[in-house]
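Reviewing the structure listed below.
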Number of protein chains: 2
Amino acid sequence: MALEDAFAGFTRRDWERDSPDGIVRLAIVGIGGFARNRALPAVAEGQYCTTTTLVTGSPDRARSLAETYDVEHVVGYDRFREGEHADAYDAAYVATPNATHGEYAIAAAEHGKHVICEKPLETTVERARDVVDACEDADVILMTAYRLQTEPAVRRSRELVRDGVIGTVVQVHGAFSHPLLDHAGPDTWRLDPELAGGGALVDLGVYPLNTIRYLLGCDPTGVYASTHSSGGPFATVDEHVAFQLEFPTDATASCTASFDAHASSQLELVGTDGKVAISSPFGGVVPQEMVVESGDVRSEYTGPPTDEVREQFDYFGYCVLTGTEPGPDGEDGVADLEAIEAAYESAETARRVSIGERDRDFDGEPSV
Amino acid sequence: MALEDAFAGFTRRDWERDSPDGIVRLAIVGIGGFARNRALPAVAEGQYCTTTTLVTGSPDRARSLAETYDVEHVVGYDRFREGEHADAYDAAYVATPNATHGEYAIAAAEHGKHVICEKPLETTVERARDVVDACEDADVILMTAYRLQTEPAVRRSRELVRDGVIGTVVQVHGAFSHPLLDHAGPDTWRLDPELAGGGALVDLGVYPLNTIRYLLGCDPTGVYASTHSSGGPFATVDEHVAFQLEFPTDATASCTASFDAHASSQLELVGTDGKVAISSPFGGVVPQEMVVESGDVRSEYTGPPTDEVREQFDYFGYCVLTGTEPGPDGEDGVADLEAIEAAYESAETARRVSIGERDRDFDGEPSV
């Protein structure tokens with residue numbers, strides 16, 4: 001691939017090979033800040049999904065939100081689990097605290113609904129595996145909401161890597177920090193290890209972890225991690241984490257995440273013949289600025305603004321409408337939890353922890 | 001410090017507090033590519049040093065080089081050790097393969113000459129300690145040639161960090177890769193572990209290692225490292241290394257180095273209130289491009305071109321003329337070797353290795 005070709009049609013939806021009819025009706029389960037501010041508008045703006053149902057612990061307070069987005073039903077969690085209004089939606093978007101993902105995803109699957117579930121898929125490998133099994137048993141589609149996998153800068157980077165434009169990837173650096181308490185109180189569920197499953201690694205580190213696995217097209221075989229906490233509101237979780245992944249190709253990934261640092265994110269892959277860097281990839285609004293070097297050629301590119309959340313829901317809707325297995329499926333979510341559990345074990349034991357080699361399809365493309 | 005002040009007088013020599021008379025006469029010991037192409041011109045262009053003697057295994061072949069730079073004497077290694085023409089120089093710049101640094105540095109010290117020695121100071125902590133001891137016994141100045149410590153972008157970054165412009169440093173990323181065989185044959189001493197003391201970690205990884213120690217003003221207390229080699233010319237050394245340093249402040253540094261990847265280097269420090277990034281800091285010609293964020297303020301700065309090698313030799317000459325202990329002294333070189341030995345132990349044992357806490361002056365400034 002010539003370097004210029006990578007940037008031609010930067011925002012092209014390479015996954016969109018058909019023009020399916022119909023629309024996927026969504027129940028949004030858990031309407032916290034991200035669901036309200038990003039998911040609802042993105043679904044409304046997108047092509048293949050529409051929101052018909054809101055599921056919340058405070059239905060009364062959600063009426064005006066429902067009105068704004070022309071949503072037919074608002075139900076509480078218990079009635080959602082019981083299947084009330086289940087004929088009004090085809091799929092559920094689960095955006096509740098991590099430790100409750102399983103219960104709502106499995107309930108949706110048992111009602112025969114497809115599922116798109118926020119990352120991490122659950123708080124442990126075992127619980128995430130239960131979600132995967134339930135969706136398999138129900139024969140419904142399960143997508144883990146790794147929106148970066150539908151982000152144009154990331155998809156173009158993956159093509160560059162796959163086509164050998166930077167040679168064999170040797171070393172990767174990924175970082176994501178975000179001052180949590182600037183945007184949430186100290187009682188946020190993200191600082192409750194029971195509800196979150198961990199701290200900065202689970203909430204932020206999963207972004208470089210998943211994105212690097214996606215870009216390299218393989219799973220890490222080992223990890224070393226060190227975690228730090230200054231106490232106070234961060235006493236029971238990792239406030240900061242640094243982890244180093246080893247891949248079967250001998251590539252390494254040096255990653256960091258922090259709940260209590262200046263907002264910043266970066267991703268850089270260096271290969272035998274070049275490098276790819278994406279500016280601020282993980283913060284939710286990607287400036288679409290990339291630097292690619294291939295041999296002696298250096299290219300700086302800024303793509304048009306793209307709403308990665310809209311892309312994600314359109315991708316999910318497309319998969320449901322066409323019966324396509326999503327790239328970021330349930331196994332993808334399980335794989336990250338395997339790495340996360342290994343990383344926490346490493347942080348406790350101060351040694352490298354092996355991650356079992358797994359046999360999964362890494363195509364990341366609808367197999368149409 | 002206001003952000004703008006950091007960039008005012010970007011190339012100022014904050015270490016230059018006097019205007020000493022005189023000039024330091026140098027013997028350059030080992031005239032490989034770097035000595036010929038960078039050191040000799042830099043010394044000639046600089047203010048406080050002059051080259052009077054070349055020391056080489058092939059004196060006849062060095063005559064024209066000596067003529068070009070108006071160098072009085074060319075001697076072989078044995079005669080240098082014996083002290084021939086010792087009255088023609090005040091100091092020796094040792095730029096031979098790593099495992100021979102000690103023998104020439106110690107010979108120079110024993111003749112009462114000051115020493116500036118390329119990094120790493122030697123191939124082991126023990127041998128480096130012998131160099132430090134010899135220079136102490138002879139009461140001569142010993143500087144380890146960490147030229148980055150005289151690089152304006154690095155010195156300005158250190159001021160920003162020290163003055164709290166980015167808050168407390170939380171996480172650092174440093175990377176340096178260089179395709180060695182594009183510039184050297186497979187028989188280069190850099191791939192001989194006996195002569196080099198290691199591979200990519202020793203030759204390239206020492207740059208982020210030392211620069212990060214300098215910027216943070218403290219020593220790592222632990223390290224985890226993984227090394228890889230694809231065999232062939234890299235069979236006996238680390239072709240690639242990834243290492244993660246832990247500092248007593250709880251900051252971490254995620255570092256990589258590679259002998260066999262696209263030429264690239266980067267350095268980024270994220271703190272509680274901002275970040276500092278230096279573009280391509282380690283390749284020998286720094287573009288002086290920095291990005292600094294402090295709170296909500298973001299600043300991109302490009303400083304004027306500066307020859308860091310000239311800065312280094314002028315700094316050394318200044319220290320000798322004023323009787324000032326250099327910032328990058330012998331202990332600084334020993335400290336990196338302690339981290340390097342610990343990293344290699346970690347790579348063998350797959351566990352975190354502690355690095356003994358050391359009591360050293362990290363002022364990095366001439367204590368005038």
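Letters A, B, ... are given to chains in the order of the sequence lines, protein chains preceding strands, and every chain is numbered from 1.
Between A:Asp260 and B:Val170, the closest heavy-atom pair is O-CG2, 4.2 Å. Heavy-atom minimum distance, A:His262 versus B:Gly295: CE1-O, 3.4 Å. Contact detail for B:Ser254 and A:Ser254: the closest heavy-atom pair is CB-CB, 3.8 Å. Scanning all heavy atoms of the two residues, the minimum distance from B:Ser264 to A:Lys275 falls at OG-NZ, 3.2 Å. Across all their heavy atoms, B:Ser226 and A:Gln244 have their closest contact at OG-NE2, 3.3 Å.
With a 4.5 angstrom heavy-atom cutoff, A:Asp250 touches chain B via backbone and side-chain atoms both. Contacts between A:Ser177 and chain B at a heavy-atom distance below 4.5 Å involve the side chain alone, from C-beta outward. Only the backbone of A:Ala263 comes within contact range of chain B, with heavy atoms under 4.5 Å apart. Of the atoms belonging to B:Thr252, it is side-chain heavy atoms, and not backbone ones, that fall under 4.5 Å from chain A. Heavy atoms closer than 4.5 Å to chain B are found nowhere in A:Val291, neither backbone nor side chain.
With rounding to the nearest 0.5 angstrom, the OG1 atom of A:Thr349 is 8.0 Å from the CZ atom of B:Arg351. A distance of 8.5 Å separates OG1 in B:Thr249 from NE2 in A:His228, rounded to the nearest 0.5 Å. Rounding to the nearest 0.5 Å places CD of A:Glu268 at 4.5 Å from CD of B:Gln266.
Of the listed residues (A:Ala253, A:Ala261, A:Gly222, A:Cys255), the one with the most heavy-atom contacts under 4.5 Å to chain B is A:Ala261. For the set B:Thr256, B:Thr168, B:Thr272, the count of heavy-atom pairs under 4.5 angstrom toward chain A peaks at B:Thr256.
Side-chain N or O atoms of A:Gln171 include one that pairs as donor or acceptor with a backbone N or O of B:Ala257 at under 3.5 Å.
Under the 30°/60° scheme for interplanar angles, the aromatic rings of A:His173 and B:His173 are found to stand perpendicular.
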